2 protein chains.
Amino acid sequence: MTKVQRQRRDVVANRARIVSAATTMLREHGLSTDMRAIAKKAGVGIGTLYRHFPTREHLLQEITGVGLTRLAESMLPPGLTAIDALRQFFTAALDQLARNRAMVDLLASTEVSDSSLERCVQHLTDIGREAVTRSTRDRTLATDITATDIAYQFLALVRIVQLLPDGRTGDIERYVNMTLRGIEHRHSQK
Amino acid sequence: MTKVQRQRRDVVANRARIVSAATTMLREHGLSTDMRAIAKKAGVGIGTLYRHFPTREHLLQEITGVGLTRLAESMLPPGLTAIDALRQFFTAALDQLARNRAMVDLLASTEVSDSSLERCVQHLTDIGREAVTRSTRDRTLATDITATDIAYQFLALVRIVQLLPDGRTGDIERYVNMTLRGIEHRHSQK
DNA sequence: CGATCATCGGAACACATGTTCCGTTTTGGC
DNA sequence: GCCAAAACGGAACATGTGTTCCGATGATCG
């Protein structure tokens with residue numbers, strides 16, 4: 001009865017081309033990339049793009065979703081002190097983000113309306129909470145630091161990554177270390 | 001021959017109303033305020049607005065110019081160590097900025113095309129350079145900190161101010177202190 | 001008070017970008 | 001190879017916002 005229709009070959013191919021084109025364009029030109037440019041890059045009509053993704057937001061969600069989810073699912077590395085876990089998390093996450101203009105734009109933008117982004121920011125606070133909790137044992141964070149502070153510091157670092165000239169991504173670790181020196185407990189110096 | 005015409009009273013009055021309305025709207029609603037809203041608030045036609053300020057950018061320059069100039073002209077307070085001078089400068093500048101959404105948006109935006117803004121960012125680096133120089137005497141900054149680092153840290157703080165909920169401007173000092181702990185020399189603790 | 005002309009108001013235009021629609025083309029089953 | 005249905009391309013539409021233009025208005029001067 002409900003016969004399972006196989007998708008036409010061109011449909012599958014076009015979707016793949018669109019996703020691929022959108023991924024590249026967003027990574028290289030940031031969030032402001034417009035729909036026509038993506039369609040053109042994919043070698044596809046604008047109508048075809050819209051048949052696959054009914055709105056711009058659907059497309060963005062599809063493309064940035066992977067990265068946001070990865071960020072939202074990553075946890076603090078276990079077995080480390082609060083400060084060292086944050087160091088590893090921040091560095092890894094920012095190195096990843098730095099490869100993708102759209103992701104950086106997203107996390108540096110004021111419009112936090114996108115639901116999956118909001119979830120992501122929420123998650124940063126959860127990470128912060130975990131670090132604060134961990135610090136009640138190891139005392140590696142200054143005692144007045146809150147979960148929110150940690151989320152804000154991460155977003156501040158994202159802003160710095162956004163400002164960094166293209167070649168300069170090697171500086172990320174330096175900036176992470178500066179930030180962490182700012183929130184670490186005063187007696188935790190090596 | 002070239003008789004100096006005195007300006008009509010309504011012209012002067014309208015210009016004042018426009019500047020006043022624009023200042024309020026930009027301060028309260030940020031950079032995205034549109035021209036029609038400003039004209040309406042001023043009780044003036046859109047045409048009148050454009051006769052006084054030929055483009056949106058001219059208007060923005062007029063309104064944000066004061067604040068940008070003040071920021072660009074403020075120097076590091078003399079007679080203090082590098083770190084304390086930066087503390088005073090950062091805190092004062094950010095407290096000021098926090099009162100004005102448009103200024104925060106401007107310094108948090110990626111479009112650094114506006115010439116007076118660019119001058120302003122340039123000036124932040126000059127401030128940084130001055131602090132680095134001062135630190136060669138007092139050794140209050142970590143030795144690997146550059147002028148650019150200081151400019152970036154300021155802009156990162158601006159981002160945090162942008163994220164702060166309306167009532168929370170009292171937290172600015174805390175964040176400034178976190179940032180400075182991140183760049184201070186390791187032996188300068190009180 | 002009346003004439004003149006700078007100024008005003010806001011409709012209309014320009015332009016960029018998201019989205020829809022429909023005539024044309026392609027696919028896949030026979 | 002033929003056909004019906006599905007999908008395509010891109011012109012056209014919708015919308016938001018900056019900008020221009022011109023007939024109406026009203027400030028100034030004699």
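As a basis for the values below, the full set of heavy atoms in this structure was taken, side chains included, without hydrogen atoms, waters or symmetry mates. Quick note on labels: first sequence line is chain A, next is B, and so on, each numbered from 1. Keep in mind that what you see is a predicted model, and the values were worked out from it rather than measured.
Take the nearest nucleotide of DNA chain C for B/V11 and for A/P54: the residue whose nucleotide is more 5' is B/V11. Across the interface with DNA chain D, nearest-nucleotide mapping of B/R51 and A/V44 shows A/V44 to be the residue nearer the 5′ end.
The shortest distance between the side-chain N/O atoms of A/R8 and the OP1/OP2 oxygens of C/dT26 is not below 4.0 Å. Within the structure, a side-chain polar atom (N or O) of A/N14 is placed less than 4.0 Å from OP1 or OP2 of D/dC8.
The side chain of B/T48 lies closest to C/dC8, out of D/dG9, D/dT19, C/dC8. When distances are taken from the side chain of A/I46 to each of D/dC8, C/dT20, D/dT19, the shortest belongs to C/dT20.
When the local axes at the two ends of the helix from C/dC1-D/dG30 to C/dC30-D/dG1 are compared, using 5 base pairs at each end, they differ in direction by 0° after rounding to 10°.
When the options B/D84, B/L124, B/I150 are evaluated for a side chain to side chain contact (heavy atoms under 4.5 Å, CB included) with B/F89, the one that passes is B/L124. Partner of B/L94 under the side chain to side chain contact (heavy atoms under 4.5 Å, CB included) criterion, out of B/V161, B/V104, B/L107: B/V161 alone.
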Please list each protein N or O that sits under 3.5 Å from an N or O in nucleotides 14-18 of chain D, with the distance.
| from | atom 1 | to | atom 2 | distance (Å) |
| --- | --- | --- | --- | --- |
| D/dG18 | OP1 | B/R56 | NH1 | 2.8 |
| D/dG18 | OP2 | B/M35 | N | 3.1 |
| D/dG18 | N7 | B/R36 | NH1 | 2.9 |
| D/dG18 | O6 | B/R36 | NH2 | 2.8 |

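Under a 4.0 Å N-O distance rule, the pair A/E28/A/K41 does not qualify as a salt bridge.
Judged purely by distance below 3.5 Å, without hydrogens or angles, the side chains of A/E184 and A/T140 never pair a donor atom with an acceptor atom.
B/N14 places no side-chain N or O within 3.5 Å of a backbone atom of B/T48 that could act as its donor or acceptor partner. Side chain of A/S135 to main chain of A/L141: a donor-acceptor pair is present (N/O by atom type, distance under 3.5 Å, no hydrogens or angles).
Using a 4.0 Å heavy-atom cutoff across all strands shown, A/R9 reaches sugar-phosphate atoms only and no base atom.
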